[in-house]
Q: 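Just dropping this structure here.
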There are 2 protein chains.
Amino acid sequence: MLNQKREDSAVELSERKKKILRAVVESYIRTAEPVGSKALLELADLNVSSATIRNELADLTEQGYLEQPHTSAGRIPSPKGYRLYVNELMQEQRLSLEETKQINEALHLKMRELDKVIDQAGRMVSQLTNYPAFALAGNARKVTIRRFDLIMVDGNSFIVVVMTDSSVVRNKLIRLPVDLSEPQLQLLTTLLNTSFVGKTLDELTPELMRVAEHAAGSSYGLISLVVSFAMEVLEGLEHSAVYTAGTSHILDHPEYQDVGKAQKLMSYLSEEQALAESLPLPALGDDNTKILIGPENVAEELKDTSVVLASYDIGDGMKGVIGVVGPTRMDYAKVAAKLSYVADGLSKLFGQTELPPGKPEKEE
Amino acid sequence: MLNQKREDSAVELSERKKKILRAVVESYIRTAEPVGSKALLELADLNVSSATIRNELADLTEQGYLEQPHTSAGRIPSPKGYRLYVNELMQEQRLSLEETKQINEALHLKMRELDKVIDQAGRMVSQLTNYPAFALAGNARKVTIRRFDLIMVDGNSFIVVVMTDSSVVRNKLIRLPVDLSEPQLQLLTTLLNTSFVGKTLDELTPELMRVAEHAAGSSYGLISLVVSFAMEVLEGLEHSAVYTAGTSHILDHPEYQDVGKAQKLMSYLSEEQALAESLPLPALGDDNTKILIGPENVAEELKDTSVVLASYDIGDGMKGVIGVVGPTRMDYAKVAAKLSYVADGLSKLFGQTELPPGKPEKEE
DNA sequence: TTTAGCACTCTTCCTTCCTGAGTGCTAAAG
DNA sequence: CTTTAGCACTCAGGAAGGAAGAGTGCTAAA
């Protein structure tokens, strides 16, 4: 028990050990069954006997790359094993033409409202990978109002259009029990634009509202009606929403045959806020995909689960993240490839301006 | 085997039989365990022996109101039994003040965009009942465009605001690689409003667009850009969206300990389109809640599942539905009460105009 | 360092057996 | 005719006991 072998992760593994580790991981990913020395004879094509492989397996186990469910079972990768696999052994998966085509088509989304697109992207990823997926827009810095417009509809209703400095536009139809005149509305618009533009959510204080209301004179409580809508918009943007999709895919995988486990994970995934907060979004800076294996996750509920993340640019300096959740036995290569392809697609989608009128657009 | 007893559902049950049936249903709803004659001695307070109850149980079973999982188990209600219970025996559940308060608060929703409200309502119902829930807006009749407005933002971007005759307002920010002048935009607006107002989705033909584009002259492809957005809006409204929430609650119930079963139901629920189509929405006319027990459901996937529906008014003649899905062993009384309360709340929410400016609003 | 051989360990699966709950039937009592 | 007590019978579910088989670790030889 007290052996003093170096279990240091700095110790380089021999090529043969790596080959074996890789074979174990890939076989286990495919079959979800522990892998034994005999099976490895074929999988990793080494010209050695099963006994030799057994020795190597014992070493790998001792160094923490593999685990044994029980004495007479084969080996399965430990989180540390997966980590090494992901860092060094995994072959970058190239998507087939089929797959890229499929994704590209799906990315031609209708209704380009930010939140709908993000939601759709999440669903798409889930369907693509057969794992639960989530998508969220990075919560922006403080957002301010850029402008108000009021559009008269008829005697007693008008549309408020609010635009933020992040170029998000929201509108609302407001119906009133009293009549309104066009000049009144004009006046109101000017007043709103002079008093509230450039303000963040926190700066829209009740006092400010009261002052403005006073200036409005005859327009009673209209100011507060419009401004409170603007506040809802700002609030909505600061608490960036999380969209989850395909949670039922959890049940596809044998590691969640135990209903208790499945339930725990599923209900965690539906607490969208908690999920968003537990993601190490800042750490995503350099590379645009990140893989979190089992205990590397912050959230307790994800400790025996892996998460693959990819970030995309929404434009205007904002970032968003899409991700996939699954058992640690996950096809990292495939998932990472798909995710990153979708993320790139989203970035492009958000980056582009409308098609130039007149000239037909060029496909790249 | 060949007994000729009338199994006719027209046969009235004796009071005692009803009392027993009710006790069976309610006990089974609570415990999910088959109910035996001895247990019933206490549950239904009848001054008879267990042997008498056994006789009655045998009758009820023969008449199809109860079932026996196996010879030596107690009885559980059949769908027919639940139906009778729901129709005649169930006591209308009154919500506690606590509960109504909770619901009322949750109904004070922010961001009153139609789809967000509906989504939120679904989530709320799911949380309230601990069953998966869904919500949808009844797909409207043909929707047409009521008006267009274009708001200039700066040299090369503007906001399109489209309003439909169902008073839905949608907007989109359009950025162009070329410059635009205010007069150009004015012209465009008039053109759009004269050419496309009052048209349904089908009537927005490519020819119509071409004619208008020609009239626009110097404004190149702007017309088609704006109109295709309008088309997306109309399309979005016709394919009314379905929102599901809380599917993980399925796993809470012992009838879905079998992962296979749970998975089937869950993946059916996530096919939101199929779900919406299988609901007998027209049949919901008269009463505003409807209960579908097991095989009464149209969809094969819901045959051993119950669905409780409640409809609400969106205004403008449109209706929406919220519903809950669960095992046939469902607390119908409670669920129906909650659902109908929420539906009423939604109707009120949509019906109301904005608060009258000046006067403080009255609570009812 | 590699390999063959072999004893050993455990899980998994099957069979068997037992227990207890709940029934249906019969015959007596109201 | 209805109700009740008594009793034999059925059947699911759990415990116990093997038997089979996979895979290991160790030893000793190559």
Side-chain angles (χ1 to χ4, degrees), chain A residues 1-3 5 13-21 23-24 27-28 31-78 81 254-255 257-258, chain B residues 1-3 5 13-21 23-24 27-28 31-78 81 254-255 257-258:
Chain A
M1 276 294 170
L2 278 184
N3 50 17
K5 286 264 177 76
L13 292 178
S14 70
E15 275 314 308
R16 195 170 66 189
K17 281 205 174 63
K18 284 185 185 172
K19 213 163 176 179
I20 290 175
L21 177 57
V24 171
S27 165
Y28 188 65
T31 64
E33 297 287 338
V35 192
S37 53
K38 249 184 197 157
L40 284 169
L41 267 186
E42 302 176 7
L43 292 172
D45 57 349
L46 300 165
N47 289 322
V48 292
S49 73
S50 67
T52 310
I53 293 183
R54 271 204 294 285
N55 287 331
E56 297 285 56
L57 286 177
D59 284 0
L60 283 167
T61 307
E62 197 177 337
Q63 290 168 78
Y65 295 104
L66 295 178
E67 287 172 0
Q68 228 171 345
H70 55 265
T71 20
S72 81
R75 303 301 209 288
I76 65 177
S78 71
E255 21 274 284
Q257 282 308 95
D258 172 13
Chain B
M1 277 293 171
L2 277 186
N3 50 18
K5 284 265 177 77
L13 293 178
S14 70
E15 275 311 308
R16 195 169 66 187
K17 281 204 173 61
K18 284 185 185 172
K19 213 164 178 178
I20 290 175
L21 177 57
V24 172
S27 165
Y28 187 65
T31 65
E33 297 288 337
V35 192
S37 53
K38 250 184 195 157
L40 284 169
L41 267 186
E42 301 176 8
L43 292 172
D45 57 350
L46 300 164
N47 289 322
V48 292
S49 73
S50 68
T52 310
I53 294 182
R54 271 204 294 285
N55 287 331
E56 297 284 56
L57 286 177
D59 285 359
L60 284 168
T61 307
E62 197 176 336
Q63 291 168 77
Y65 294 104
L66 295 179
E67 287 171 358
Q68 230 171 343
H70 55 265
T71 19
S72 81
R75 303 304 209 286
I76 65 176
S78 70
E255 21 275 286
Q257 282 309 95
D258 172 13

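This one's a predicted model, so the numbers in the text were calculated from it and none came from an experiment. Letters A, B, ... are given to chains in the order of the sequence lines, protein chains preceding strands, and every chain is numbered from 1.
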Q: Can you list the residues that meet the side-chain contact (heavy atoms from CB on, under 4.5 Å) rule with A:Thr71, with sequence neighbours excluded?
A: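 With sequence neighbours excluded, A:Thr71 shows a side-chain contact (heavy atoms from CB on, under 4.5 Å) to no residue whatsoever.
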
Q: Test of understanding: with side-chain contact (heavy atoms from CB on, under 4.5 Å), list the residues that count as partners of A:Glu67, not counting sequence neighbours.
A: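 Result, side-chain contact (heavy atoms from CB on, under 4.5 Å) vs A:Glu67: A:Ile76, A:Ser78, A:Pro79.
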
Q: Collect all protein-nucleotide pairs involving nucleotides 9-15 of chain D in which both atoms are nitrogen or oxygen and the distance is under 3.5 Å.
A:
residue: D:dC11; atom: O5'; partner: B:Thr71; partner atom: OG1; Å: 3.4
residue: D:dC11; atom: O2; partner: B:Ser72; partner atom: OG; Å: 3.3

Q: With heavy atoms of chain A within less than 4.0 Å as the criterion, where does contact along DNA chain C begin and end?
A: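 Range of nucleotides touched by chain A: C:dT2 to C:dT11.
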
Q: A:Thr31: which residues meet the side-chain contact (heavy atoms from CB on, under 4.5 Å) condition with it, sequence neighbours left out?
A: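 side-chain contact (heavy atoms from CB on, under 4.5 Å) list for A:Thr31, sorted by chain: A:Ser27, A:Glu33.
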
Q: So what does the secondary structure string of DNA chain D come out as, 5' to 3', with Watson-Crick or wobble pairs under 3.5 angstrom, [ ] for crossing and | for pairs with another strand?
A: ||||||||||||||||||||||||||||||

Q: In whole angstrom, what separates B:Leu41's CG from D:dT4's C1'?
A: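 Atom CG in B:Leu41 sits about 12 Å away from atom C1' in D:dT4.
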
Q: Just to verify, what does B:Lys38 make a side-chain contact (heavy atoms from CB on, under 4.5 Å) with, not counting sequence neighbours?
A: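 So B:Lys38 forms no side-chain contact (heavy atoms from CB on, under 4.5 Å) with any residue.
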
Q: Would you sort out whether B:Ile53 and B:Leu57 count as a side chain to side chain contact (heavy atoms under 4.5 Å, CB included), showing the intermediate values?
A: CA-CA 6 Å; B:Ile53 294 182; B:Leu57 286 177; 4.1 Å; yes

Q: Only counting residues at least two apart or in another chain, list the ones meeting side chain to side chain donor-acceptor pair (under 3.5 Å) with B:Thr61.
A: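 In terms of side chain to side chain donor-acceptor pair (under 3.5 Å), with neighbours along the sequence ignored, B:Thr61 is linked to B:Arg75.
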
Q: Would you tabulate the side-chain donor-acceptor contacts of residues 42-51 of chain A under 3.5 Å, counting partners in other chains and residues two or more places apart, or write 'none'?
A:
residue: A:Ser49; atom: OG; partner: A:Ala51; partner atom: N; Å: 3.3
residue: A:Ser49; atom: OG; partner: A:Thr52; partner atom: N; Å: 3.4
residue: A:Ser49; atom: OG; partner: A:Thr52; partner atom: OG1; Å: 3.3

Q: Looking at residues 42-54 of chain B, who's got a heavy atom less than 4.0 Å off DNA chain D?
A: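 Output list: B:Asn47, B:Val48, B:Ser49, B:Ala51, B:Thr52, B:Arg54.
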
Q: Atom CD of A:Gln257 and atom CG of B:Asp258: how far apart are they, to the nearest 0.5 Å?
A: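 The distance works out to 9.0 Å.
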
Q: Considering all heavy atoms of both residues, which atom of B:Gly74 and which atom of B:Pro69 are nearest to each other, and what is their separation?
A: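 Nearest heavy atoms, B:Gly74 then B:Pro69: O-CD, 3.4 Å.
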
Q: With B:Ser14, which residues qualify under side chain to side chain donor-acceptor pair (under 3.5 Å), at least two apart?
A: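 Partners of B:Ser14 under the side chain to side chain donor-acceptor pair (under 3.5 Å) test: none.
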
Q: Could you pull out all residues at least two apart from A:Glu255 that satisfy salt bridge (charged side-chain N to carboxylate O under 4.0 Å, His left out)?
A: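 Salt bridge (charged side-chain N to carboxylate O under 4.0 Å, His left out) check on A:Glu255 returns A:Arg329.
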
Q: List the atom of A:Leu66, the atom of A:Pro77, and the distance in Å for their closest heavy-atom pair.
A: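 Heavy atoms only, the tightest pair is CD2-CA, 3.8 Å.
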
Q: Just how far is it from atom CG of A:Asn55 to atom NZ of A:Lys17, taken to the nearest 0.5 Å?
A: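 Rounded to the nearest 0.5 Å, the CG-NZ separation comes out at 9.0 Å.
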
Q: Quick check: on DNA chain C, is the nucleotide nearest A:Glu56 upstream (toward 5') of the one nearest B:Ser37, or the reverse? Name the residue that is more 5'.
A: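 Residue closer to the 5' terminus by nearest nucleotide: A:Glu56.
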
